[in-house]
Amino acid sequence: MENTPASNFLQTIITEDLASGRVREVVTRFPPEPNGYLHIGHAKSISVNFGLAEANGGRCNLRFDDTNPEKESQEYIESILEDVRWLGYTWDGEVRYASSYFQQLYDWAVYLVEKGEAYVCDLNAEQAREYRGTLTEPGRNSPYRDRSVQENLDLLARMRAGEFEEGEKVLRAKIDMASPNMNMRDPILYRIRKVPHHQTGDEWVIYPTYDFAHGQEDAIEGITHSICTLEFEDHRPLYDWFIEHLPVDSRPRQYEFGRLNPSYTITSKRKLKQLVEEGIVAGWDDPRMPTVSGMRRRGYTPAAIRKFCDMIGTTRSDGVVDVAMLEFAIREDLNENAPRAMCVLNPLKVVLTDYPEEKLESISAPCHPSREEFGQRELPFTRELYIDADDFREEANKKYKRLVLGKRVRLRNAYVIEADEVVKDGEGNIIEVRAHTIPNTLGENPEDGIRPRGVIHWVSVRAGRRAEVRLYDRLFTDEAPDKGENDFLDSINPDSLTVVEQAWIEPALADAEPEQGYQFEREGYFVADRYDHRAEHPVFNRTIGLRDTWTN
Ligand code: ATP
Ligand code: MG
């Protein structure tokens with residue numbers, strides 16, 4: 001199942017290009033539009049672009065495709081830079097911006113006008129739609145198509161000078177209104193947009209379209225393999241048309257692969273933005289978001305995300321990937337690399353009646369069951385402990401491997417105890433269990449041969465610390481929340497976040513560094529919250545449970 005970088009169709013193309021000498025050095029780019037935060041799909045694109053460059057001794061640029069100023073912002077630029085770095089990739093040279101090529105792109109637009117291959121069109125949006133035709137019917141030539149070169153040059157200069165209003169005029173390529181490919185029916189090169197740009201301020205009031213900008217940006221940067229997703233396949237003839245008709249000095253080629261769509265996940269920036277704006281999540285980096293920053297805050301690691309991107313392969317077809325594969329990757333990474341700790345999520349007090357009130361024993365326990373280099377931690381053991389309320393029953397059959405009245409259980413890393421009686425409140429709720437320790441059971445089985453039923457986790461009442469624990473689960477209950485237009489909001493999981501205010505943690509956890517991940521034994525994988533965790537108020541987020549509870 002593992003897909004090494006050397007085994008996908010893009011690598012095959014690159015290998016051939018290098019062998020034939022078409023390409024001497026592989027140069028790729030990751031070209032996000034700074035109109036939202038990066039998500040898991042972008043992580044895939046990053047791993048493909050940076051991964052192929054890396055695997056072939058080439059380079060990968062990071063280029064902001066910032067041709068739509070009204071939807072873009074500096075906040076998004078900064079988050080994208082941070083996310084790419086966090087994923088562990090290094091771009092070649094400086095960060096690049098499509099906007100820094102605006103003058104060159106404009107000069108090329110003038111070049112096309114001079115050659116009679118572009119014209120200024122006055123059709124409004126509705127008229128343009130009518131003239132465009134349909135998939136089954138050819139379009140019709142715009143009445144402005146035959147303007148003279150002189151007139152077009154004049155109008156384009158005046159568009160640029162701000163003499164016209166938005167929507168009044170556009171610059172179009174003169175290609176073929178009867179082409180079966182709608183993208184070739186005199187596509188728009190420039191639109192009037194009287195909005196300031198986050199990089200160029202108000203230097204421009206006309207902005208190039210994606211189609212006119214992208215391939216030329218690739219050519220300027222000497223990109224050899226311009227890798228994008230399948231929805232651009234139909235744009236490739238136009239991409240090539242510009243490259244052929246302009247005096248560019250390199251010949252990039254576009255290749256498409258299938259978008260990553262994990263189940264139970266939304267990967268549309270517009271919809272993710274809606275979740276943020278409607279307050280359904282706390283922000284772009286809410287741990288339930290499939291954004292890189294959300295996954296980071298949730299406790300996912302760069303290694304696990306990269307592993308997942310490799311595992312799913314890179315193919316020429318769109319399809320849904322089971323999100324359980326991503327969860328598998330994170331479990332596997334944390335199982336290997338996260339230190340162990342104990343946290344009681346739903347505390348029930350156990351009083352060890354034979355254990356002296358003032359005594360505090362420090363029990364040494366391994367931080368990881370198989371990695372000695374992780375060292376040992378000290379667990380304070382006292383007369384009063386918390387165990388999880390789910391780990392005690394007054395009566396139970398043998399299948400229940402936890403503490404039962406009159407029976408024994410082992411406290412993880414510590415003694416075997418036996419429960420003697422329960423204390424209840426006025427409503428009959430168990431508020432305390434009274435028990436005693438079985439002597440000489442630290443690391444040993446009971447001498448009388450009566451074995452404990454199982455092992456449960458615990459934390460000292462006196463020496464432990466209170467913590468807030470945020471239990472996150474999948475944000476959507478529907479496998480395909482993205483199938484309709486707006487109904488993705490109907491399948492929000494009402495239990496995607498449960499906040500436990502009174503969890504009890506072993507004391508060392510209070511000093512965890514933010515973003516340090518742990519396995520809380522018997523509970524799952526958790527991470528100290530990147531922003532809110534403090535020694536005085538420890539906060540942990542559940543990354544993922546120990547097992548998949550979504551499949552049965
Ligand atoms: P939009 O253009 O609608 O804002 P986008 O998701 O295409 O959204 P971009 O910032 O243009 O966002 O994407 C940057 C790169 O990431 C593009 O090359 C795009 O093809 C790629 N990409 C985006 N979403 C996915 C995905 N789900 N799987 C793989 N690659 C993706
Ligand atoms: Mg895009």
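Atoms within each ligand, like the ligands themselves, are counted from 1 in listed order. Along the sequence shown, the residues carry numbers beginning at 1.
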(message) Tell me whether Ile227 has any N or O atom under 3.5 angstrom from an N or O of ligand 1.
(response) no
(message) Keeping Asp92 on the side-chain end and Arg59 on the backbone end, is there a donor-acceptor pair under 3.5 Å?
(response) no
(request) Output yes when the distance from some N or O of ligand 1 to some N or O of Arg29 is under 3.5 Å, and no in every other case. (result) no
(request) State plainly whether the residues Asp186 and Lys174 are in salt-bridge range, i.e. N to O under 4.0 Å. (result) no
(message) Please report whether the ring centroid of His214 lies less than 6.0 Å from that of Tyr210.
(response) yes
(request) Measure the distances from the heavy atoms of Tyr210 to every atom of ligand 1 and state whether one is below 4.0 angstrom. (result) no
(message) If the test is side chain to side chain donor-acceptor pair (under 3.5 Å), which one of Thr291, Asp529, Asn541, Thr543 qualifies with Arg297?
(response) Asp529
(message) Tell me whether Glu332 is salt-bridged to Lys307, with the criterion being a basic N under 4.0 Å from an acidic carboxylate O.
(response) yes
(request) Please say whether Asn35 places an N or O atom under 3.5 Å from an N or O atom belonging to ligand 1. (result) yes
(message) Looking at Glu94, I'd like to know if its CD atom is crowded, meaning that more than 12 non-hydrogen atoms belonging to other residues, nucleotides or ligands lie closer than 6.0 Å.
(response) no
(request) Enumerate the atoms of ligand 1 whose separation from the nearest heavy atom of His42 is less than 4.0 angstrom. (result) 5 (P), 6 (O), 9 (P), 10 (O), 12 (O), 13 (O), 14 (C), 16 (O), 22 (N), 23 (C)
(request) Using a 4.0 Å heavy-atom threshold (strictly under), name the region of His39 that reaches ligand 1: side chain, backbone, both or neither. (result) side chain
(message) Quick one: does any side-chain atom of Ser179 pair with a main-chain N or O of Asp176 as donor and acceptor, under 3.5 Å?
(response) no
(message) Pairs of nitrogen or oxygen atoms closer than 3.5 Å, one from Phe257 and one from ligand 1: do any exist?
(response) no
(request) Give the contacting part of Lys269 toward ligand 1: side chain, backbone, both or neither, where contact means a heavy-atom distance below 4.0 Å. (result) side chain
(message) Does any N or O of ligand 1 fall below 3.5 Å from an N or O anywhere on Glu33, backbone included?
(response) yes
(message) Regarding ligand 1, does Glu231 bring an N or O atom to under 3.5 Å of one of the ligand's N or O atoms?
(response) no
(message) Counting only heavy atoms, tell me which of Ala43, Ser226, Gly41 gets closest to atom 30 (N) of ligand 1.
(response) Gly41
(message) If I apply the N/O under 3.5 Å rule, does Thr229 come out as touching ligand 1?
(response) yes
(message) Determine whether the aromatic ring centres of residues Tyr300 and Phe308 are separated by less than 6.0 angstrom.
(response) no
